[in-house]
Amino acid sequence: LALGLAGGPALGAGQHPSVVTMRKVAKDMLNAHRQGTIQAFRTAIQRHADVTGIADYCLGQYRKKLPAGLKAQYYSGTVTFMSRYFSDQSRQYPIAKYELGDATADDDKNVSIDSKVYLLSGQTYTVVWKLGWVKGGYKVTDVKVMGFSLVYLQRGLFTSFVSKRNGDVAQLVTALNR
């Protein structure tokens, strides 16, 4: 794995907590990819993603309409949704290996880590991992695949679904947990 850090305060490439975290994320996601199961991805996502932050962002303008009694169900359903997506993608895009590249940090402890994914077909694509400082550690807050933010795309899906149901967030929670 090629690792380096640029920008932000002087960060040691091998020792910075975000890089250490990203190595674990990459290893767990590749293992989940090789298993290809929803449960394998679910375990990795729960371990490494800022599920609450991602899920809240994905509700957009409907966030305030999420009843407190449905939050746990909604967060769990969001993890299931992401796990299904990654499981489906793992069948279509079998990965041979990956390389972690440069990491850049901003003043708010947010870090972007570039990576390159090599498919068994010989194709390659870039993935940029966004990590944020959440409750005393780094968590994945977004993943950009070939320039497309998966969290932004998911937000579009979620808000469109709720919009078509007159703002009824409970229907989204039900759909996510099917």
Side-chain angles (χ1 to χ4, degrees), residues 18 21-22 24-95 106-115 117 125-178:
S18 65
T21 296
M22 191 60 229
K24 293 174 187 171
V25 171
K27 180 182 173 194
D28 285 354
M29 289 299 284
L30 183 60
N31 287 339
H33 175 84
R34 289 188 173 144
Q35 292 176 47
T37 66
I38 294 168
Q39 185 55 49
F41 281 106
R42 184 175 187 78
T43 299
I45 290 167
Q46 286 175 316
R47 180 176 299 142
H48 299 295
D50 176 14
V51 172
T52 303
I54 291 168
D56 286 347
Y57 172 80
C58 288
L59 277 179
Q61 70 268 32
Y62 301 108
R63 182 176 175 206
K64 292 178 183 168
K65 291 189 172 194
L66 177 64
L70 290 180
K71 282 186 178 184
Q73 232 183 317
Y74 170 65
Y75 297 143
S76 177
T78 299
V79 171
T80 300
F81 180 87
M82 292 188 290
S83 301
R84 286 180 180 150
Y85 174 80
F86 284 117
S87 177
D88 288 345
Q89 295 300 305
S90 71
R91 288 188 280 281
Q92 294 179 35
Y93 302 100
I95 296 173
D106 67 19
D107 292 337
D108 294 325
K109 293 189 179 182
N110 296 306
V111 177
S112 294
I113 300 179
D114 296 333
S115 66
V117 175
Y125 61 93
T126 59
V127 177
V128 178
W129 299 85
K130 302 286 186 179
L131 285 78
W133 189 255
V134 180
K135 297 180 183 172
Y138 280 98
K139 294 284 186 179
V140 176
T141 58
D142 194 7
V143 180
K144 288 187 177 182
V145 179
M146 296 183 289
F148 294 96
S149 162
L150 297 185
V151 173
Y152 183 78
L153 293 172
Q154 185 171 306
R155 179 182 175 134
L157 292 171
F158 284 20
T159 58
S160 175
F161 184 95
V162 174
S163 174
K164 290 176 183 174
R165 285 150 187 87
N166 298 314
D168 186 355
V169 176
Q171 288 188 47
L172 174 64
V173 174
T174 299
L176 291 173
N177 286 288
R178 283 191 187 132

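- Side-chain atoms of Tyr74 come within 3.5 Å of backbone N or O of Ala55 as a donor-acceptor pair.
- To the nearest 0.5 Å, the span separating CZ on Arg84 from OG1 on Thr37 amounts to 13.0 Å.
- Between Val173 and Asn177, the shortest heavy-atom contact is O-ND2, 2.8 Å.
- Looking at heavy atoms from C-beta onward, Trp129 lies out of side-chain contact with Ser18 at the 4.5 angstrom threshold.
- Checked by atom type, the side-chain pair Ser87/Arg91 shows a donor-acceptor distance below 3.5 Å.
- Within the 4.5 Å cutoff, the side chain of Met82 has heavy atoms near those of the Ile54 side chain.
- Atom OH of Tyr93 and atom CG of Asp88 lie 11.5 Å apart (nearest 0.5 Å).
- Taken from CZ in Arg47 to NZ in Lys139, the straight-line distance is 9.5 Å, to the nearest 0.5 Å.
- Each ring-ring contact (aromatic ring centres under 6.0 Å, His included) pair with one or both residues in residues 28-67, not counting sequence neighbours, appears once here: Phe41-Phe86.
- Side chains of Leu176 and Thr78 form a contact here, defined as non-hydrogen atoms less than 4.5 Å apart.
- Shortest non-hydrogen contact noted between Gly60 and Arg155 is CA-NH2, 3.3 Å.
- Looking at Thr80 and Arg42, their side chains come closer than 4.5 Å, going by heavy atoms from C-beta outward.
- Contact between Ser90 and Gly36 at its shortest, heavy atoms only, is OG-CA, 3.6 Å.
- A donor-acceptor pair is defined here as one N or O able to donate and one able to accept, closer than 3.5 Å; no such pair exists between the side chain of Ser76 and the backbone of Ala72.
- Of all non-hydrogen atoms in Phe158 and Cys58, the two that sit nearest each other are CB-O, 3.4 Å.
- Atom-to-atom distance recorded for Lys65:NZ and Leu172:CG is 13.0 Å, nearest 0.5 angstrom.
- Each of Thr141, Asp50, Thr21 was scored for a side-chain contact (heavy atoms from CB on, under 4.5 Å) with Leu131, with one residue passing: Thr21.
- Across all non-hydrogen atoms, the minimal contact from Val127 to Val143 is CG1-CG1, 3.5 Å.
- Within the 4.5 Å cutoff, side-chain heavy atoms of Arg178 are placed close to those of Thr174.
- At distances below 3.5 Å, not a single donor-acceptor pair connects side-chain atoms of Lys130 with backbone N or O atoms of Ile113.
- Arg34 CZ to Ile95 CD1: the interatomic distance, rounded to the nearest 0.5 Å, is 8.5 Å.
- The neighbour count for Tyr85 OH, taken as heavy atoms of other residues, nucleotides or ligands under 6.0 Å away, does not exceed 12.
- Under the 4.5 Å side-chain criterion, counting only non-hydrogen atoms from C-beta, Leu157 is in contact with Phe81.
- When side chains are defined from C-beta on, Tyr152 does not count as touching Asp142, because their heavy atoms never get closer than 4.5 Å.
- Counted by atom type alone, Ser149 and Lys144 present zero donor-acceptor pairs between their side chains at under 3.5 Å.
- The heavy-atom pair separating Val128 from Ser112 by the smallest distance is CG1-CB, 4.1 Å.
- Checked by atom type, the side-chain pair Tyr75/Asp56 shows a donor-acceptor distance below 3.5 Å.
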